[in-house]
Amino acid sequence: MTDLSMTSAKSNSQIGKIALRWLLYITLVLFALFYLMPLFVMVTTSLKSLEEIRTGDLIALPREVTFDAWRTAWSGACTGIQCEGVRPYFWNSVLIAIPAVAISTLLGAMNGYVVAQWRFRGANILFSLMLFGCFIPFQVVLLPMARVLGIMGIAGTIPGLIFVHVIYGLGFTTLFFRNYYVSIPAELTKAAKVDGAGFFRIFWSIFLPLSLPIIVVAVIWQFTQIWNDFLFGVSFSEAGTQPVTVALNNIVNSTTGVKEYNVDMAAAIIAALPTLLVYVVAGKYFIRGLTAGSVKG
């Protein structure tokens, strides 16, 4: 009887665990469907004609798939008085994001290397001030940054926007790399110094090759922030240098007769595709890099 009781208890316990697991899976699937519903509506709407949008159901699949809205969004939608689509602005965002990400990541790596491994008087104060800069709202720096860009002669230009994003992202990249580098033993730096290696030789030959996980974190973070930025883009750009987010806003708010919801949805998806692809390709490395840099510091 005792053995039967124990067997029955184990069986009930296993059934309970399986039921809880399935309940968890079902809950996660429901949350995922709820989260993905707006994206589903955007994609299906972009593939419908205006007539089908007016007469059909919002969440219904398109009766006839058409990519006319995508072609219009890319090269024909009006962003005001010009009807060039998002194409020129998309490439503006590429020209802004790639250099800004590369420069801010490299400078952040060097800053983190200095603060974590080359201790000097005032290093902690300097690092604290850079952290403080991370929490300053964008709106606070608009006027001072506009003044600086005017003095430098790069206001309203793509180099000006690159400069803005590098400066504003430097605090975050420094934080990432500093927290990662403090987990590397200081004896490694001391041994390299004994062997005659200097500041840059140690950085390029030892620390940078060990930094791939946190480099991925910094690149994904910076690329997402820069690509999705609207405030800096609309404040520090002019006609011909505006990023894709500004163009998307202009398309949505520009009406020439009939409101083309399919074009708006297609333009929004085009604007979001780069960040979506970055997360799909490198998302797991982002989590690994964050956990790798959270052991110490």
Side-chain angles (χ1 to χ4, degrees), residues 94-136 141 144-145 148-149 151-154 157-227 229 232 278 282 285-297:
V94 172
L95 292 175
I96 294 167
I98 292 178
V101 169
I103 295 171
S104 60
T105 300
L106 179 60
L107 292 179
M110 296 185 68
N111 287 344
Y113 164 62
V114 170
V115 173
Q117 295 290 331
W118 293 74
R119 301 288 182 176
F120 59 92
R121 182 175 298 178
N124 291 333
I125 296 177
L126 177 62
F127 181 62
S128 299
L129 290 174
M130 296 192 72
L131 286 184
F132 177 74
C134 295
F135 300 100
I136 297 177
V141 302
M145 187 65 76
V148 170
L149 293 177
I151 294 173
M152 296 175 64
I154 54 175
T157 65
I158 287 179
L161 284 171
I162 293 173
F163 177 77
V164 169
H165 288 298
V166 168
I167 295 301
Y168 208 87
L170 205 53
F172 291 101
T173 56
T174 300
L175 171 65
F176 296 150
F177 282 96
R178 182 264 179 188
N179 286 350
Y180 186 81
Y181 287 153
V182 294
S183 64
I184 298 177
E187 289 75 15
L188 192 63
T189 303
K190 294 178 182 178
K193 290 180 182 178
V194 171
D195 291 337
F199 176 88
F200 288 104
R201 181 61 182 274
I202 296 174
F203 176 71
W204 289 107
S205 301
I206 298 177
F207 280 82
L208 208 58
L210 296 174
S211 305
L212 182 59
I214 204 65
I215 287 175
V216 173
V217 171
V219 167
I220 292 178
W221 174 271
Q222 277 296 90
F223 183 83
T224 303
Q225 297 298 312
I226 294 169
W227 189 273
D229 169 70
F232 286 161
V278 166
Y285 301 105
F286 183 78
I287 302 300
R288 291 178 187 176
L290 283 179
T291 54
S294 62
V295 178
K296 294 184 180 181

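Small disclaimer: the values here were computed from a predicted structure and weren't measured. FYI, the numbering just counts along the sequence from 1.
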Practice prompt. Not counting sequence neighbours, which residues clear side-chain contact (heavy atoms from CB on, under 4.5 Å) with L129? List them please.
Written response: I125
Item to complete: Go through the structure and list residues passing ring pair (Phe, Tyr, Trp, His ring centres under 6.0 Å) with Y168, not counting sequence neighbours.
Response: F138, F232
Using a 3.5 Å cut-off and no angle test, enumerate the donor-acceptor pairs between side-chain atoms of residues 103-112 and protein atoms at least two apart in sequence or in another chain.
from	atom 1	to	atom 2	distance (Å)
S104	OG	A100	O	2.7
S104	OG	V101	O	3.3
S104	OG	Q222	NE2	3.0
T105	OG1	V101	O	2.7
N111	ND2	L107	O	3.4
N111	ND2	T174	OG1	3.3

Response to the item:
Separation between CD (E187) and NZ (K193), nearest 0.5 Å, reads 11.5 Å
Practice prompt. Mind listing the closest non-hydrogen atom pair of Y113 and F199 along with its distance?
Written response: OH-O, 3.0 Å
Item to complete: Quick one: sort the F223 and W227 rings into parallel, tilted or perpendicular, breaks at 30° and 60°.
Response: parallel
Worksheet item: Does L149 have any side-chain contact (heavy atoms from CB on, under 4.5 Å) partners at least two apart in sequence or in another chain, and if so, which?
Response: M145, I154, A155, F163, V164, F236
Atom pairs and distances, side-chain donor-acceptor, residues 210-218, under 3.5 Å, sequence neighbours left out:
from	atom 1	to	atom 2	distance (Å)
S211	OG	Y181	OH	2.7
S211	OG	F207	O	2.5

Discussion item. I'd like to know if the side chain of Q117 and the backbone of F203 have a donor-acceptor N/O pair within less than 3.5 Å.
Written reply: no
Worksheet entry | Exercise: identify the closest heavy-atom pair between C134 and G171 | SG-C, 3.3 Å
Discussion item. According to side-chain contact (heavy atoms from CB on, under 4.5 Å), who are the partners of K190, at least two apart in sequence or on a separate chain?
Written reply: none
Fill in: Between CG on residue L126 and CG on residue L131, distance to nearest 0.5 Å
10.0 Å
